[in-house]
Amino acid sequence: QVQLVESGGGLVQAGGSLNLSCAISGRAFSSYSLGWFRQAPGKEREFVAVINWSGLNTYYADSVKGRFTISRDNAKNTVYLQMNSLKPEDTAVYYCAADTKTRYSDYLTGSFAEYEYWGQGTQVTVSS
């Protein structure tokens with residue numbers, strides 16, 4: 001069983017920054033990919049970023065590329081999402097998720113159906 005708990009959300013002005021964290025409990029944390037997704041009111045959940053087991057491979061949605069950075073600390077069982085140059089359209093609930101099928105694989109996916117475990121989410125609101 002894998003449990004994920006996000007933190008770090010809040011209210012920020014456009015152009016500002018936030019750093020989201022996701023603490024993960026469960027076995028073999030360092031062996032699988034972790035992703036961030038977001039869902040705005042009235043919209044479908046969308047992919048934001050994913051990182052592989054080693055942290056050496058990442059993949060971003062075009063809408064956040066160059067502004068967001070995903071990273072992980074396997075010693076702390078934590079994945080991060082550093083968000084810079086935030087825009088009002090980044091307002092959403094942000095979720096971290098684990099794709100435990102990817103054991104020691106470099107496979108990365110933005111399909112939320114591939115992720116078996118999800119956190120409860122953290123709200124990010126960007127004011128204009």
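- Taking CD from E44 and CD from Q39, the interatomic distance works out to 8.5 Å, rounded to the nearest 0.5 Å.
- Cation-pi geometry between R72 and F29 is satisfied (NZ or CZ under 6.0 Å from the ring centre, within 45° of the ring normal).
- In this structure, D99 and T109 approach most closely via the heavy-atom pair OD2-CG2, 3.8 Å.
- From T125, atom OG1 reaches atom CG of L86 across 10.5 Å, with rounding to the nearest 0.5 Å.
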Residue pair Y115, F37: steps toward the ring-ring contact (aromatic ring centres under 6.0 Å, His included) verdict: CA-CA 11 Å; Y115 293 78; F37 292 77; 5.1 Å; yes

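- A donor-acceptor pair is defined here as one N or O able to donate and one able to accept, closer than 3.5 Å; no such pair exists between the side chain of Q120 and the backbone of E6.
- In this structure, T91 and A40 approach most closely via the heavy-atom pair O-CB, 3.6 Å.
- Listed by first and then second residue, the disulfide bond (SG atoms under 2.5 Å apart) pairs that reach into residues 5-109 are C22-C96, sequence neighbours excluded.
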Criterion side-chain contact (heavy atoms from CB on, under 4.5 Å) on W53 and R103, from CA distance to verdict: CA-CA 7 Å; W53 65 277; R103 289 179 60 81; over 6 Å; no

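- Take V124 and apply the side-chain contact (heavy atoms from CB on, under 4.5 Å) test, not counting sequence neighbours, and it matches L18, L20, M83, Y94, V126.
- Here side-chain hydrogen bond (donor to acceptor under 3.5 Å, both in side chains) pairs that include residues 77-87, with residues two or more places apart or in two chains, are S17-N84, Q82-N84.
- Under a 3.5 Å cut-off, the side chain of S33 and the backbone N or O of T102 do not form any donor-acceptor pair.
- Separating the OG1 atom in T58 from the CG atom in N52 is a distance of 8.5 Å, to the nearest 0.5 Å.
- With sequence neighbours left out, S25 forms a side-chain contact (heavy atoms from CB on, under 4.5 Å) with Q3.
- Residues that satisfy the ring-ring contact (aromatic ring centres under 6.0 Å, His included) test with Y107, not counting sequence neighbours, are absent from this structure.
- Across V64 and V48, no two heavy atoms sit closer than the pair CG2-O, 3.5 Å.
- Evaluation of the ring-ring contact (aromatic ring centres under 6.0 Å, His included) rule for Y117 yields no partner, not counting sequence neighbours.
- Atoms CG and OG, on D90 and S63 in that order, are 7.5 Å from each other to the nearest 0.5 Å.
- Within a 6.0 Å sphere centred on NZ of K76, other residues, nucleotides and ligands contribute 12 heavy atoms or fewer.
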